[in-house]
Protein chains: 2
Amino acid sequence: MEQRIERIKKQLHSQSYKLTPQREAVVRVLLEHEEDHLSAEDVYMLVKEKYPEIGLATVYRTLELLTELKIVDKINFGDGVSRYDLRKEGATHFHHHLVCLECGAVDEIQEDLLGDVEKIVEQRWKFDIKDHRLTFHGICHRCNGR
Amino acid sequence: MEQRIERIKKQLHSQSYKLTPQREAVVRVLLEHEEDHLSAEDVYMLVKEKYPEIGLATVYRTLELLTELKIVDKINFGDGVSRYDLRKEGATHFHHHLVCLECGAVDEIQEDLLGDVEKIVEQRWKFDIKDHRLTFHGICHRCNGR
DNA sequence: TATTGTTATGATAATCATTATCATTTGACA
DNA sequence: TGTCAAATGATAATGATTATCATAACAATA
């Protein structure tokens with residue numbers, strides 16, 4: 001974890017940004033909750049426990065900056081709230097999500113799986129793909145069979 | 001078009017809903033702009049030209065109802081505004097989108113292309129898929145090569 | 001160490017897409 | 001025609017997010 005933070009610091013510095021204590025606190029929370037798909041408000045509440053002076057606007061700004069730098073991925077499930085995930089290091093594509101309609105759980109697929117599809121899209125539609133978002137809604141293995 | 005409206009009316013009636021003049025006006029606009037990915041505000045402005053008494057809240061409610069009944073698909077591109085598309089009749093899956101980062105144009109892919117991926121997801125993750133959303137961000141054929 | 005200039009912050013106001021509220025209207029049915 | 005429940009329109013309210021502004025913090029330089 002400390003090494004990850006050090007590397008994020010270097011990423012920020014390489015673009016003339018600073019890793020302020022507030023930004024570090026946000027990164028720590030994201031690292032401690034890598035599986036959780038936190039909203040900005042979630043992040044704020046968690047950071048505030050350890051860094052009470054932080055402002056909500058700062059959390060939003062930090063998440064936005066990290067998203068622009070592709071350190072963080074911003075996810076929309078269409079419910080009016082954005083979610084933020086630390087991007088896995090070295091990840092060359094956005095991971096996919098399985099959203100359970102029963103329990104609301106969100107599982108992740110790290111595998112790309114879209115290689116063939118992207119080839120078809122690039123060739124048939126002449127579309128130069130930079131990023132993709134794939135979300136499945138359905139019933140998860142926990143709720144399945146009930 | 002009239003036949004499509006008649007069929008939508010039947011769909012509504014089969015669930016004890018009415019096709020009021022306001023709802024019909026909304027459906028007409030959606031039918032006339034099938035390729036356009038209209039926001040609720042877009043729909044409202046277009047409907048108002050022909051049906052000036054309509055209220056914005058009614059447009060929202062109508063779009064929401066049509067979405068629940070799967071007559072309309074609600075799309076999120078992560079920009080804070082929902083878009084609404086009439087679902088193609090008989091469509092068994094949600095179509096995909098190509099969003100151009102340069103000009104903002106949104107193109108559609110009607111083909112599923114996800115058959116193999118879905119098989120893998122259902123078997124490996126034991127996830128019973130009900131719906132999916134796939135969006136590609138990149139450079140469209142019009143902006144490509146500039 | 002002090003100074004300077006720029007970035008970043010926190011509190012809070014503002015914005016905007018959307019939903020809730022309420023009085024009234026409308027449509028279906030007997 | 002009367003009744004009742006659904007639907008409407010206007011507008012207030014909501015909540016996620018962004019803008020604003022005074023101030024703090026930080027890095028570089030003398």
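Comparing C:dA28, C:dA11, C:dT18 by their nearest atom to the side chain of B:Lys18 picks out C:dA28. Which of D:dT8, D:dA16, D:dG9 sits closest to the side chain of B:Thr62 comes down to D:dT8. Residue B:Tyr17 places its side chain closer to D:dA7 than to any other of C:dG10, C:dT18, D:dA7. Closest approach to the A:Ala57 side chain among D:dG9, C:dA11, D:dT8 is made by C:dA11 (side chain taken as heavy atoms from C-beta onward).
Residue contacts for B:Ser39: at a heavy-atom cut-off of 4.0 Å it reaches no nucleic acid atom on any strand shown. At a threshold of 4.0 angstrom between heavy atoms, the contacts of A:Glu53 are confined to the sugar-phosphate backbone, with no base atom among them.
Residue B:Leu56 contributes atom CG, which lies 18 Å from atom P of D:dT14 at whole-angstrom precision. The CG atom of A:Leu38 sits 15 Å away from the P atom of D:dA16 (whole-angstrom rounding). Protein atom CG of A:Leu65 is 13 Å distant from nucleotide atom P of D:dT18, rounded to whole Å. Atom P of nucleotide D:dA16 and atom CE of A:Met45 are separated by 12 Å, given to the nearest angstrom. In this structure, CD1 of A:Ile75 is placed 17 Å from P of D:dA16, rounded to the nearest angstrom. In this structure, the CD1 atom of A:Ile54 is 16 Å from the P atom of C:dT12, given to the nearest Å. Atom OH of B:Tyr44 is separated from atom C1' of C:dT18 by 14 Å (rounded to the nearest Å). Atom CG in A:Leu12 sits about 13 Å away from atom C1' in C:dT7, given to the nearest Å.
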| task | Begin from the C-alpha positions of B:Phe77 and B:His97 and carry the test ring-ring contact (aromatic ring centres under 6.0 Å, His included) through to its verdict. | result | CA-CA 9 Å; B:Phe77 295 134; B:His97 293 96; 5.3 Å; yes
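Contact between the side-chain N/O atoms of A:Ser16 and the OP1/OP2 oxygens of C:dT7 is not found at any separation under 4.0 Å. At D:dT17, one or more side-chain N or O atoms of A:Tyr60 fall inside 4.0 Å of OP1 or OP2 (strictly under the cut-off).
Looking at A:Lys70, its side chain never comes within 3.5 Å of a backbone N or O of A:Thr67 through a donor-acceptor pair.
With the nearest nucleotide of DNA chain C identified for both B:Arg61 and B:Glu41, B:Glu41 has the one nearer the 5' end. Both B:Ala40 and B:His13 lie near DNA chain C, and the one whose nearest nucleotide falls closer to the 5' end is B:Ala40.
Near DNA chain D, meaning a heavy atom under 4.0 Å away, the residues from residues 19-35 of chain B are B:Thr20, B:Gln22, B:Arg23.
Side-chain atoms of A:Glu111 and A:His96 form no donor-acceptor pair, as typed in the model, at a separation below 3.5 Å. Side-chain atoms of A:Gln22 and A:Glu24 include no donor-acceptor pair closer than 3.5 Å.
Between A:Leu30 and A:Tyr84, the shortest heavy-atom distance links the atoms CD2-O, 4.1 Å.
Taking the six-membered ring where the residue is Trp, A:His37 and A:His95 present tilted rings, their angle falling between 30° and 60°.
For the pair A:Lys9 and A:Leu12, the minimum side-chain heavy-atom distance is 4.5 Å or more. Side-chain contact between B:Thr58 and B:Tyr60 is absent, with no heavy-atom pair separated by less than 4.5 Å.
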